[in-house]
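Numbers restart at 1 for each chain; the letters A, B, ... are given by sequence-line order, proteins then strands.
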Amino acid sequence: MTASTENSPSDFIRDIIAEDIRRGKYKQIRTRFPPEPNGYLHIGHAKSICLNFGIAREFGGICNVRMDDTNPTKEEAEYVQSIMTDVRWLVDSWADNHIGGAPLYASDYFEQFYEYAVDLVRTGKAYVCDMTPEETDAYRRLGKASCFRDRSVEENLDLFARMKAGEFLDGARTLRAKIDVNAANVWLRDPVLYRIRHASHHRTGEKWCIYPMYDWAHTLSDYIEGITHSICTLEFEVHRPLYDWILDALEFPEPRPHQYEFARLNLTYSVISKRKLIQLVDEKLVSGWDDPRMVTISGLRRRGVTPGVLRTFAYNIGITKYPSMTDMALLEHTMRDEFNRIATRRLAVLRPIKIVLTNYPEGKTEELDAINNPEDSDAGMRRIPFSRDLYIERDDFMETPPPKYFRLQPGGEVRLKYAYIIKCDEVVKDEKGNISELRCTVDLDSKSGGPTAGRKVKGTIHWVSASHAIDAEVRLYDRLFTVPEPDASGDFKSFINPHSLEVVSAKCEPALAAARPEERYQFERLGYFALDPDSSREKQVWNRTVTLRDTWAKEAKK
RNA sequence: UACCCCGUGGUGUAACGGUAACACAGCGCCCUUUGGAGGCGUUAUUCUUGGUUCGAAUCCAAGCGGGGUAGCCA
């Protein structure tokens, strides 16, 4: 039994919040999820969403979704759409009443950011700097003051206004905070607050040609929105003194927001960084952002992963400051655990081999009872047609089996799930020596519920009636990479798993014709499957979300 | 190099000064009309060394190891 999201999570951030509440520091908790709209959301974002929305719902607060759109050269409206789709899908009924009116945009605060910047200049806490980017870097590394550091307030005010008015070229000047050029923390060495970019912004168009930097925009956005706990990943840890400096410099009253950092998610057999995901898409190594092998939220969704799985996974991995590497097996376990409870069982044969039951009447069809979900008595029963000609899984027959193989073999018996015990009498081969069909006899008394139904037969296999089966395309997905840490050494793309997708033509039991995209299915003995959006009325397309645990595969390897 | 952060079984986490717990993975057994699920069992000098304390995974110091930052990206 795995802990579910109903258990209240506990971590160092929630401890701090609980203490803040106990001391009455804030009237209401307000968190935020601040993606930059320059790519699709991935499973690492899912961790952050579960954290921020989880806190909002546990502490009766609100979580804002805010587009951090301060760099017009990288951001696109297309991404805003995909981000909101993913957030809403993940948050759904779990916490949708804790969403703070969505989405918000940092770009909506550009005017306020500018006014605050003017305040800063006026109080002598910021100045316009004419150095080139290279000079700025060099001086910062040396802890040397810019030669423009001591400009008068009047000159700074004038220059900043003219920056805004568009009088200067890209990169010609910046507005910098006047803090401490010698500070041990480089983010305090007079960081840039504004840069000049004559570029069209996806929302403000041509209105601005100066754009705020992350620290300035983010801190002020948090303050403007009344964020209480601004939670980000570890790489922003060294920015925290700047975050606090800005709040101090503007003399904002309490209650102020506070920044806390946690470790981002690392997952074995995958790459999570946006930069690498975009490479996979651009170089056509996957079919797109929503390729079911991608750890994007859209990819996982298409693969068949549910919001509940992602939430439980987030709960299972916890929140810490230790940069850990989570085993993909934990994600897979979370899927199996959830799907085992909810998935509807069906029979499907992925790689069919035909069998003929020589002593079963030609033209006869029986309807056999089958259980929809042994883990859920409310799921009920269905009937499966049975006849003389069947398909079974190619893997479920071996001419010369290894020890402990207890499926079908020449002269051997096996039980057909929900049906009869059969015995293989003859292996029919084509001219090339490939098996074309197996001829078997049925123990007609051994039907489930029949006189010899209790006979001990070691193996039970799935099957489907040949004349009743429906055809479907099944996409068998596996891990995208062959090594646990694809980006640990060298080029991650050289570790792509060539077998991460295999497409087969399957034979499915007729009940599957009524399958619904939102429902999860277990193809018995094979794995969990979900309908792909590529499905049409004529032809279903199934995605394998994850296989069942397979202890035989392990045994066979020995 | 400087500064910051982090070190608990193979992995991820818990234990909040009172004598190491849970999950995953692995291994073994039982059960099974899914080789699934389930059940039972099994695996630990808490990085090191000092210190504080009746008592330290927990507090302090140093060392070692790992990560992050040093864009006019976020």
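- In this structure, the ring of A/H201 has its center less than 6.0 angstrom from the ring center of A/F110.
- Counting any heavy atom pair closer than 4.0 Å across all strands shown, A/M131 reaches a base atom.
- OP1 or OP2 of B/C73 has at least one side-chain nitrogen or oxygen of A/R197 nearer than 4.0 Å.
- Atom name C1', nucleotides B/G65 and B/G28: the rounded distance is 36 Å, in whole Å.
- Across the C1' atoms, B/C16 and B/U46 are found 16 Å apart, a figure rounded to whole Å.
- If you take CD of A/E413 and P of B/U33, they are 15 Å apart, rounded to a whole angstrom.
- Within the 4.0 angstrom heavy-atom criterion, base atoms lie near A/N340.
- Among the atoms of the strands shown, none is found under 4.0 Å from any heavy atom of A/Y194.
- When distances are taken from the side chain of A/H333 to each of B/U33, B/G36, B/A23, the shortest belongs to B/A23.
- You'll find that the side chain of A/A184 is closest to B/C3, out of B/U33, B/U69, B/C3.
- In this structure, A/I278 places its CD1 atom 14 Å from C1' of B/A74, rounding to the nearest Å.
- Listed pair A/K458 / B/U33 fails the phosphate criterion, with no side-chain N or O lying under 4.0 Å from OP1 or OP2.
- As judged by a 4.0 angstrom heavy-atom cut-off over every strand, A/S448 is placed among the base-contacting residues.
- To the nearest angstrom, C1' of B/G36 lies 17 Å from CE of A/M335.
- Separation of the P atoms belonging to B/C60 and B/G66 is 23 Å when rounded to the nearest angstrom.
- Taking the six-membered ring where tryptophan is involved, the planes of A/Y260 and A/H258 are tilted, since the angle between them lies from 30° to 60°.
- In this structure, A/P34 and A/V186 both approach RNA chain B, and ranking their closest nucleotides by distance from the 5' end singles out A/V186.
- Side-chain contact check for A/F262 versus A/T233: some heavy-atom pair is nearer than 4.5 Å.
- Atom pair A/E36:CD and B/A74:P shows a separation of 6 Å (rounding to whole Å applied).
- When A/F160, A/Y211, A/F113 are each tested for a ring-ring contact (aromatic ring centres under 6.0 Å, His included) with A/Y194, only one passes: A/F160.
- Closest-nucleotide positions on RNA chain B for A/A329 and A/R189 were compared, and the one nearer the 5' end corresponds to A/R189.
- Counting distance only, with no hydrogens placed and no angle test, the side-chain atoms of A/R549 and the base atoms of B/G35 include no donor-acceptor pair under 3.5 Å.
- Contact annotation: A/R176 does not reach the phosphate of B/G71 (side-chain N/O to OP1 or OP2, under 4.0 Å).
- The base of B/G36 is paired with the side chain of A/E375 by a donor and an acceptor separated by under 3.5 Å.
- Taking atom CD1 of residue A/I342 and atom C1' of nucleotide B/A37, one finds them 15 Å apart after rounding to whole Å.
- Counting non-hydrogen atoms under 4.0 angstrom, A/H239 reaches a base of the nucleic acid.
- Counting any heavy atom pair closer than 4.0 Å across all strands shown, A/E261 reaches no nucleic acid atom.
- The shortest side-chain heavy-atom distance between A/L416 and A/I461 falls under the 4.5 Å cut-off.
- Counting distance only, with no hydrogens placed and no angle test, the side-chain atoms of A/R525 and the base atoms of B/U34 include no donor-acceptor pair under 3.5 Å.
- If you take atom C1' in B/U11 and the same atom in B/G68, they sit 22 Å apart, rounded to whole Å.
- When the P atom is compared between B/A20 and B/U45, the two are found 14 Å apart, to the nearest whole Å.
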If the sugar-phosphate is the primed atoms plus P, OP1 and OP2 and the base is the rest, what is the B/S/- string for nucleotides 4-14 of chain B, using protein heavy atoms under 4.0 Å?
-> -SSS---SSSS

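- Between A/R525 and A/D395 there is no salt bridge, since no side-chain nitrogen of the basic residue lies less than 4.0 Å from a carboxylate oxygen of the acidic one.
- Comparing B/A57 with B/G7, their P atoms are spaced 15 Å from each other, to the whole Å.
- If you check every strand for non-hydrogen atoms under 4.0 Å, A/T70 touches sugar and phosphate atoms only.
- Proximity note for A/N71 (side chain, C-beta onward) versus B/G35, B/A74, B/U34: the nearest is B/A74.
- Across the P atoms, B/A15 and B/U8 are found 14 Å apart, a figure rounded to whole Å.
- Counting non-hydrogen atoms under 4.0 angstrom, A/Y211 reaches nothing in the nucleic acid.
- Inter-residue side-chain proximity for A/Y139 and A/R149 is flagged as unmet; no heavy-atom pair is nearer than 4.5 Å.
- Both the sub-6.0 Å distance and the 45° axial angle are not jointly satisfied by A/R346 relative to the ring of A/Y521.
- One can place CG of A/L548 at 14 Å from C1' of B/G38, the figure rounded to the nearest angstrom.
- Taking the syn range as angles within 90° of 0, the glycosidic angle of B/G68 is outside it, so the base is anti.
- At least one side-chain heavy atom of A/R176 sits under 4.5 Å from a side-chain heavy atom of A/V192.
- Using P as the reference atom, B/C22 and B/C5 are 33 Å apart when rounded to the nearest Å.
- Between A/R264 and the phosphate of B/A74, there is no side-chain N or O to OP1/OP2 separation shorter than 4.0 Å.
- A/D222 is not listed as a side-chain neighbour of A/Q259, based on a closest heavy-atom distance of 4.5 Å or more.
- Salt bridge A/D445/A/R455: absent, no basic N to carboxylate O contact under 4.0 Å.
- For the pairing with A/N38, the side-chain hydrogen bond (donor to acceptor under 3.5 Å, both in side chains) check across A/K274, A/E76, A/K74 returns one residue only, A/K274.
- Looking at heavy-atom distances under 4.0 Å, A/N38 makes no contact with the nucleic acid at all.
- B/U34 atom C1' lies 13 Å from atom CG of A/L416, rounded to whole Å.
- A sub-4.0 Å separation between OP1 or OP2 of B/A37 and a side-chain N or O of A/R345 is absent.
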With Watson-Crick and G-U wobble geometry limited to distances under 3.5 Å, how should the secondary structure of RNA chain B be encoded in dot-bracket form, using | for bases paired to another strand and [ ] for crossing pairs?
-> (((((((..((((....[..)))).(((((.......)))))....(((((..]....))))))))))))....

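- When heavy atoms are screened at a 4.0 angstrom cut-off, A/R336 is found touching no nucleic acid atom at all.
- Put simply, the side chain of A/V186 does not reach to within 4.5 Å of the side chain of A/V238, judged on heavy atoms.
- A straight line from CZ of A/R407 to C1' of B/U33 spans 15 Å, rounded to a whole angstrom.
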